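Below is one structure; the comments refer to it alone.
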Amino acid sequence: MTDRSADVLPVNQSLGGVTEQLAGIPLHFPARRRWLATMVFACALLLLLMVSIAALFTRGVGIWGINIPVNWAFAIHNYVWWLGIGHAGTLISAFLLLTGSEWRNSLNRFAETMTLFAVICAGIYPVLHLGRPWYLYWMFPYPATMGVWPQFRSPLEWDIWAVLTYLTVSLAFWYTGLIPDLAAARDRARSRGWQIFFGITALGWRGSAAHWSRWSQAYRLTAGLAVPLVVSVHSEVSLLFAAGQIPGWHSTIFPPYFVLGAAFSGFAVVSIIAIALRFWFGLENLVTDEHLDLLGKVLLATGLMTAYGYVFEVFDALYSGGPHEIQTLIDRIAGAYAWTYWGALVFNFIPLQALWWRRVRRCGSALLLISASVVVGMWLERYMILVTSLYRDFLVSSWGEFTPTFWDWSTYFGTIGLFLVPFLLAIRFIPMISIFETKELLHEEQEERHGG
Amino acid sequence: MTQIFAPAADTWLRLFLAGGLALLGGGLVGVIGFAHSAYMTSTDFRPQQPVPFSHKHHAGELGIDCRYCHSGVETGPQAGLPPTTTCMTCHSQIWTNAAMLEPVRQSLTQQKPIAWTRVAKLPDYVFFRHDIHVVKGVGCETCHGRIDTMPLTYRAKAFTMEFCIDCHRDPMPNLRPEESITAMGWRTPSDTQKQREAIAAHEGIRFGELTHCYVCHR
Amino acid sequence: MTRRVPPDSNSSQGPGLRQWSGIEELSGDPAFQAWVDAEYPAAAEFTPTARREFLKLMGASFALAGLTGCEKSPFVAALPYVDQPQDVSIGVPKNYATAVVLDGYAQPVIATTYSGRPTKLEGNPDHPVTQGRSDIFMQAAVLGLYDPDRAQGPTRRGEPVSWNDVADHIGALRAEWGRTQGEGLRLLTGPVTSPTLSRQLDALLKQFPKARIHTHEPVADGGRRNLTAAAYGQPLDVDYQLESCAVVVSFDDDLLGPGPDQVRRARSWSSARRRDGNGPGLRLHMAESVPSITGAMAGDRLVTEASRMPSLAQALASKAGVTGAAMPDLTPVEREWIDRAAAACRSAQGRALIVANAFGDVATASWVARTNEALAASSLLRFTTPLQSVANAGALADLVAEVTAGQVETLVVVDTNPVYSASGSLNFREGMQKIRSSLHLGLQRDETGELCEWQLPLTHALESWGDARAIDGTATIIQPVISPFYDVRTVHQVVAMMSGQLDPAAEAIVRETWRSRLPGDFETAWRQSLRDGFVRDTAAEAVLVRPDPAEIVPPFADDGLDIVFRPDPTVWDGQFANIGWLQELPKPLTTLTWGNVIAVSPALAKRIDVANGDHVKVTIRERSTVGPAWIAPGQADNTVALYLGYGRMRAGRVGDGIGYDAYAIRPVDQPWLTKGTLHKVGTAEVLAVTQLHHRMDGFDFVREVSVEHPALQPPPAQPSLYPARASSKNAWGMVIDLDSCIGCNACVVACTAENNVPVVGKDQVKIGREMHWLRIARYFTGEIEAPRSFFQPVPCMHCEDAPCEMGCPVDATTHSPEGVNQMVYNRCIGTRTCSSYCPYKVRRFNFYDYRNAPDSPEQAAHNPDVTLRSRGVMEKCTYCTQRIEAAHVAADKENRPLREGDVVTACQSACPTRAIVFGDINDPDSEVSRLRRDGRHYALLEEQGTRPRTTYLARWNDKRGDRQG
């Protein structure tokens with residue numbers, strides 16, 4: 001482990017330097033103009049979301065393109081997509097923390113931040129897609145005057161819990177990891193305001209040995225909690241579909257298929273952000289080509305596993321011999337929405353193959369493009385899974401069509417704003433790379449050198 | 001380097017957090033309590049009526065049977081409010097020019113209905129039938145309370161789904177013999193359970209079938 | 001359900017009492033209308049949808065029913081009667097026997113009313129001809145009553161006037177007629193069977209001998225009377241004795257199709273079809289040019305041009321040995337079909353009936369008449385003298401001639417709409433200018449009413465005292481089930497005014513007619529007739545006729561396409577254009593809603609390269625119209641079908657400006673079949689169809705059995721991990737006989753009426769959001785030129801293991817101990833999971849708020865026992881649970897178990913062929929249990945393990961049809 005991590009960070013840099021560099025980003029922010037421009041764009045999107053939601057709540061879900069039979073489309077589809085993206089963060093931090101792969105240390109912070117906001121974006125969809133959102137609270141078990149409870153057999157009921165738990169734990173995990181750095185930032189803060197802000201958020205951290213030991217216990221404990229959640233959440237989401245009898249949904253491959261797909265898209269987004277950040281803030285010394293290389297490998301691996309899911313779906317349909325399953329398969333490959341199927345295949349897996357070459361993996365721009373294509377590909381995959389299964393299910397007489405309306409799109413792009421705005425704020429106000437963990441890693445490496 | 005915070009800051013922070021959590025929990029309990037409150041279930045208030053009609057006087061003191069005015073109660077879904085003419089059967093003889101009965105007389109002369117304010121009203125997605133309840137041995141009192149003690153009528157029981165479903169789950173405690181349907185303050189005799197079972201058997205109550213949704217919602 | 005009311009409650013005052021027992025009473029009240037208009041003057045101008053939206057935004061919170069979210073104060077006003085009438089018990093429905101009218105014929109109904117508000121019409125089970133069955137027009141009539149666009153008071157040139165002004169004007173006219181003996185007075189009526197109206201008109205003519213009456217029947221019986229006149233030497237009505245038939249050969253005759261005679265024929269057809277359990281009791285051979293529901297049911301269907309019918313009829317005639325019938329030259333396919341048909345007729349030995357199209361030509365009719373005689377089938381035909389006969393009435397064309405000659409001073413149009421439905425070539429609109437004084441009597445201020453000087457609004461049948469004859473001549477005395485809520489009069493009152501009575505009482509006129517005709521004590525007989533809903537022994541006498549041996553001249557042969565005119569299956573001749581239920585009703589073979597099409601054959605479509613929805617131009621003798629094309633599988637290559645009833649301009653907010661007007665190019669001399677040309681225009685539109693895909697694609701949704709293999713494979717027993725659900729005493733189930741279902745849609749409209757199913761409008765239907773709880777799936781198999789067609793009604797299956805139930809997070813859809821899959825609107829939060837999981841996609845969702853505007857009169861048509869669904873909730877077939885619960889209450893009050901027939905669903909009671917059977921499957925003797933044991937019984941998608949309670953009986957495949965399929 002260590003011998004691999006030995007060359008993750010360039011050793012020829014001082015520990016203090018690292019702290020200055022990272023804590024400095026929020027304190028005296030570089031690249032203000034670029035940040036502002038992005039922020040304006042993000043806010044515009046957020047505004048779009050607000051308008052869409054207003055329209056939705058005043059007029060009803062009818063403003064979307066949904067109908068019978070396709071009565072689930074963009075809302076659920078983007079919900080799954082966002083939640084998928086929200087996976088990598090916890091996976092990277094928690095899972096790799098427990099396996100002790102220190103190279104994660106430069107990535108976990110913003111990966112976790114990304115997770116947090118992606119899950120929030122996902123979280124609003126189950127509310128929006130309700131016909132009568134104002135009765136959302138009926139989904140929670142509470143002693144109602146009606147004397148009735150939610151139905152615990154329903155995948156949607158599990159879903160609420162799965163997502164909320166995941167959100168809470170990710171939040172806890174993210175914040176726990178943040179505390180020591182907030183303290184560091186506090187100590188370097190010049191202005192009173194910053195001192196108080198970081199002071200409170202650091203919860204009075206003084207870095208005593210006791211603090212450290214308790215902290216690391218808590219941190220590893222939450223990590224231990226988070227890892228199984230990563231699996232549970234998306235398995236659960238997949239059951240939204242697998243629990244139904246609709247051809248193309250009713251399959252046991254779904255849980256692993258969804259989890260892997262989620263990790264796949266998640267890592268793609270992590271790489272995008274990693275590359276963007278290191279380019280913005282000149283962090284080449286901390287987010288090194290080595291990191292990109294590793295990310296590329298993980299992306300390739302998860303991608304191939306997702307591909308296996310595709311293969312198995314086809315096999316399932318054929319092996320089942322069910323005329324409706326085969327009908328759906330044909331519709332996917334050659335039907336009105338075949339473009340989503342082929343689109344998903346192409347965007348997900350063709351550019352991905354380039355990652356077999358080390359040079360491509362280590363080249364930022366190349367990895368960025370590939371990741372982008374994966375994100376698009378996964379979006380198409382969710383579209384495919386929903387629409388191509390629903391628009392033609394069992395009875396020919398009930399077959400229909402689906403065309404997204406303006407409001408479908410505006411709501412979707414709006415959530416991108418909902419993601420970007422808080423994320424940009426986070427970049428602005430908190431250290432985007434874990435200072436102490438990086439230092440820890442750097443220190444270890446230097447020890448290695450002197451010792452060896 | 002100067003300290004930013006006083007030594008007590010930590011304690012304050014902890015207190016703050018604890019307080020926040022307590023507030024959250026308390027609020028939740030509060031909201032649920034409020035939903036059950038007399039205010040929300042409208043059991044707290046006696047609406048103003050065009051004529052200050054007193055059930056206490058008519059049903060209690062004079063002992064007029066409920067069915068004299070609410071004639072639909074055995075035949076139809078709605079017990080029905082008495083037509084003006086019903087009031088006038090007596091009040092054309094007695095209190096013929098009492099001021100408080102002016103609206104009644106006007107209603108008759110102008111052929112305009114008296115605009116009573118409804119007290120016992122269910123949401124319109126609840127399809128309640130008086131007749132079946134009365135026929136099956138559920139007394140007026142069970143839902144409308146001691147109407148014979150109400151100078152101004154109010155809602156004695158909270159008409160929540162809980163209230164209905166409890167009885168639909170186990171009607172036994174609320175069953176009474178036919179002759180006591182309209183009786184107020186009726187006490188179950190000693191051998192309660194046996195008698196109730198007898199009634200239930202006699203009425204052929206379809207136990208277990210009364211709780212499914214379509215019984216009340218369609 | 002049909003509890004009769006004591007006769008005294010049908011007294012002259014009528015049951016429509018004006019006391020109000022709740023705000024819904026007000027909705028039809030002019031005062032209430034006035035209030036709304038005063039509150040929101042702007043709203044009056046709006047379309048219903050816009051108006052609804054507007055009122056919502058204005059926070060018009062006087063919603064009459066439905067899911068009102070969380071209302072804090074339940075303390076709303078309650079209005080008791082001032083003086084409660086004896087026979088009114090609030091919330092308890094009352095039933096009255098009366099009739100609604102289609103093309104002059106009575107459609108006997110039992111009207112269900114809630115505190116004086118008719119909400120639902122059922123067929124009258126005691127009526128000798130309909131026997132409780134019904135059709136779409138009968139079911140939808142109740143909405144016509146509450147049509148917000150009805151004329152609400154008399155107008156002169158659009159300005160409101162009083163009935164006194166009307167009386168004065170008529171008085172003035174009468175004075176003039178008195179001088180001229182009615183010279184220049186012309187009356188134009190629609191189809192009339194009413195004894196009272198005939199009596200009145202005769203009286204009028206006696207007063208003014210020089211006056212003339214003309215009739216205008218855009219569709220009515222098609223050309224039947226002319227055809228019989230040609231074939232038998234006198235105009236006749238004819239009744240096919242289908243019960244006694246073993247074989248029917250139809251030359252383009254859509255005998256099961258919509259129209260006044262549909263109920264009677266469908267009923268007798270299905271009973272013949274079911275005659276013996278081990279095979280189809282009646283086999284249908286059909287040659288047709290335009291696919292019809294009859295053709296869909298035919299075992300042996302030949303696709304050929306309408307203009308080929310005479311030759312085919314002649315061929316069959318010569319096969320049957322009719323004298324003078326030379327064998328014409330036929331195509332091989334035609335010859336084969338004729339051979340099969342002839343063989344079938346021979347083997348049927350006198351139980352074979354040949355029928356010709358009422359919209360067809362004289363030659364075919366004559367050949368058919370003779371063939372029937374040759375086949376000794378005369379016992380299968382019952383001829384009667386025409387019911388629709390106003391004494392020596394002239395045709396519309398003659399009237400127009402007189403008008404153009406300036407011989408018409410005064411025209412009185414009685415309940416018909418010639419300005420819209422007269423053939424374009426007559427230029428009736430222009431003619432009207434020449435008339436000095438014109439009066440229009442009608443329900444609406446329609447195209448004609450607008451053009452006439454005076455528009456005198458009439459009562460709807462449900463508000464009227466009147467009478468009419470059913471298709472077999474049995475008279476019904478029409479009694480009002482609600483008193484008119486607009487300032488209107490019955491047609492008899494107005495005609496009486498013209499013959500000199502001042503403000504006559506509606507009932508008196510009708511009594512007058514029957515005083516002399518009812519046997520025995522009049523009052524008794526009168527009440528008896530009102531209670532029964534018909535007058536006993538008034539059916540028309542059969543007359544014995546023989547075919548007229550005159551020379552048969554084949555219709556002129558002409559090149560060019562056959563252009564065939566047909567009444568629209570749902571809005572008929574256009575009179576129902578403003579009834580939303582019928583506009584949104586999918587037309588049987590196309591599933592098209594909200595419009596009409598120009599139907600072309602697949603071959604023709606390929607030739608001129610058009611797809612569904614492409615605009616095409618049809619030209620007939622220099623007149624042309626443009627409409628969307630529809631490729632009709634199984635339509636004859638050179639036949640183009642135009643559908644009447646659309647393109648209306650003054651139908652109302654619902655019916656205006658939809659579709660194209662086929663009357664504009666309809667020739668007077670050839671109203672049903674003519675020649676013309678067709679061109680592609682280049683533009684196109686999206687048609688609002690409810691089923692996008694029609695091929696069965698090799699699935700076995702509709703199964704078939706044959707005489708050789710009369711039973712289906714019983715499904716393998718399906719093991720389940722779950723313990724069987726305990727059932728309560730009753731377990732509801734439904735069996736639908738696909739061999740009897742003719743796809744007529746009566747069940748769909750009945751369901752709409754019974755369950756307050758909303759009308760969502762064209763745009764919503766286009767994007768797949770129609771709300772019908774019961775859809776009639778329509779499939780075809782075989783090649784597109786000559787496919788076999790199938791109908792399959794698909795309501796909720798009420799699965800015993802329902803996928804929808806486990807999906808709902810809030811338990812809004814659950815399973816009742818009686819096996820009904822329950823949908824609780826007020827618990828639904830609209831996750832739509834149930835619909836996603838439903839393998840049958842029978843659930844419907846309120847994507848918007850589809851309810852009527854809170855102030856619209858249609859509100860009064862709502863069934864108060866069914867919740868109005870708000871925006872964002874799922875809904876679906878409930879097996880008419882309100883009827884089940886009502887039956888339970890009734891039985892429980894009497895402390896007895898439910899009996900067979902206590903619960904009848906709306907679709908079941910409407911079905912003209914009794915294809916839908918509902919009942920208790922726990923009771924081994926119930927009809928439904930019996931059918932579930934039948935060899936033809938099967939469940940849809942049974943391999944899915946949902947164990948549906950709604951199941952099907954396979955269709956009989958008359959083998960002889962196979963080569964066609």
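Keep in mind that this is a model prediction, so the values were computed, not measured.
- With a threshold of 4.5 angstrom between heavy atoms, Ile776(C) does not approach chain A through any atom at all.
- Heavy atoms of Thr946(C) lying under 4.5 Å from chain A belong exclusively to its side chain.
- For a residue to count as touching a neighbouring chain, one of its non-hydrogen atoms must lie under 4.5 Å from one of that chain's; by this rule Leu941(C) touches chain A with the side chain only.
- Closest of all the heavy-atom pairs between Lys762(C) and Glu685(C) is NZ-OE2, 4.1 Å.
- At a 4.5 Å heavy-atom cutoff, Val842(C) makes no contact with chain A through either its backbone or its side chain.
- Across Leu589(C), Val702(C), Leu738(C), a single residue satisfies side chain to side chain contact (heavy atoms under 4.5 Å, CB included) together with Phe791(C), and that is Leu589(C).
- Checking Arg871(C), Glu875(C), Arg844(C), Gln764(C) one by one against Tyr850(C), the side chain to side chain donor-acceptor pair (under 3.5 Å) holds for a single residue, Gln764(C).
- Of all residues spanning residues 51-60 of chain A, those with a heavy atom less than 4.5 Å away from chain C's heavy atoms are Leu56(A), Phe57(A), Thr58(A), Arg59(A), Gly60(A), arranged by number.
- Geometric assessment of Arg382(A) against the ring of Phe258(A) yields a positive cation-pi assignment under the 6.0 Å and 45° thresholds.
- A cation-pi arrangement, defined by a distance under 6.0 Å to the six-membered ring centre and an angle within 45 degrees of its axis, is present between Arg769(C) and Tyr848(C).
- The candidate with the highest count of non-hydrogen atom pairs below 4.5 Å against chain C, out of His250(A), Gln245(A), Met146(A), Met139(A), is Gln245(A).
- Classification of the Trp249(A)-Tyr837(C) ring pair by plane angle, with boundaries at 30° and 60°, yields perpendicular.
- Taking 4.5 Å as the heavy-atom cut-off, the residues of residues 149-164 of chain A that approach chain C are Trp149(A), Pro150(A), Gln151(A), Arg153(A), Ser154(A), Pro155(A), Leu156(A), Glu157(A), ordered by number.
- Scanning all heavy atoms of the two residues, the minimum distance from Ser835(C) to Lys841(C) falls at O-NZ, 2.9 Å.
- For Phe845(C), the parts sitting under 4.5 Å from any heavy atom of chain A are the backbone and the side chain alike.
- In terms of heavy-atom pairs under 4.5 Å with chain C, the best-connected choice from Ile63(A), Val148(A), Ile76(A) is Ile63(A).
- Heavy-atom pairs under 4.5 Å with chain C were tallied for Thr403(A), Val70(A), Ile246(A); the largest tally goes to Ile246(A).
- Neither the backbone nor the side chain of Gln792(C) comes within contact range of chain A, judged by heavy atoms closer than 4.5 Å.
- Taking non-hydrogen atoms and a 4.5 Å limit, the residue list of residues 802-810 of chain C in contact with chain A, ordered by number, reads Pro803(C), Glu805(C), Met806(C), Gly807(C), Cys808(C), Pro809(C), Val810(C).
- Atom CE of residue Met823(C) and atom SG of residue Cys834(C) lie 5.5 Å apart, to the nearest 0.5 angstrom.
- Between Trp72(A) and Leu240(A), the shortest heavy-atom distance links the atoms CZ3-O, 4.0 Å.
- Considering all non-hydrogen atoms of both residues, Leu130(A) and Pro126(A) come closest at CG-O, 3.3 Å.
- Between chain C and the residues Trp138(A), Phe241(A), Trp64(A), Trp399(A), the largest count of heavy-atom pairs under 4.5 Å involves Trp138(A).
- Contacts between residues 315-332 of chain A and chain C, counted as heavy-atom pairs separated by less than 4.5 Å, involve Pro323(A), His324(A), Gln327(A).
- Interface residue Phe701(C): only side-chain heavy atoms are found under 4.5 Å from chain A.
- The two atoms that bring Val760(C) and Glu770(C) nearest to each other are CG2-CA, 4.2 Å, heavy atoms only.
- A side-chain donor from one of Asn71(A) and Ser836(C) sits under 3.5 Å from a side-chain acceptor of the other.
- For Arg827(C), the parts lying near chain A are the backbone and the side chain together; criterion is any non-hydrogen pair under 4.5 Å.
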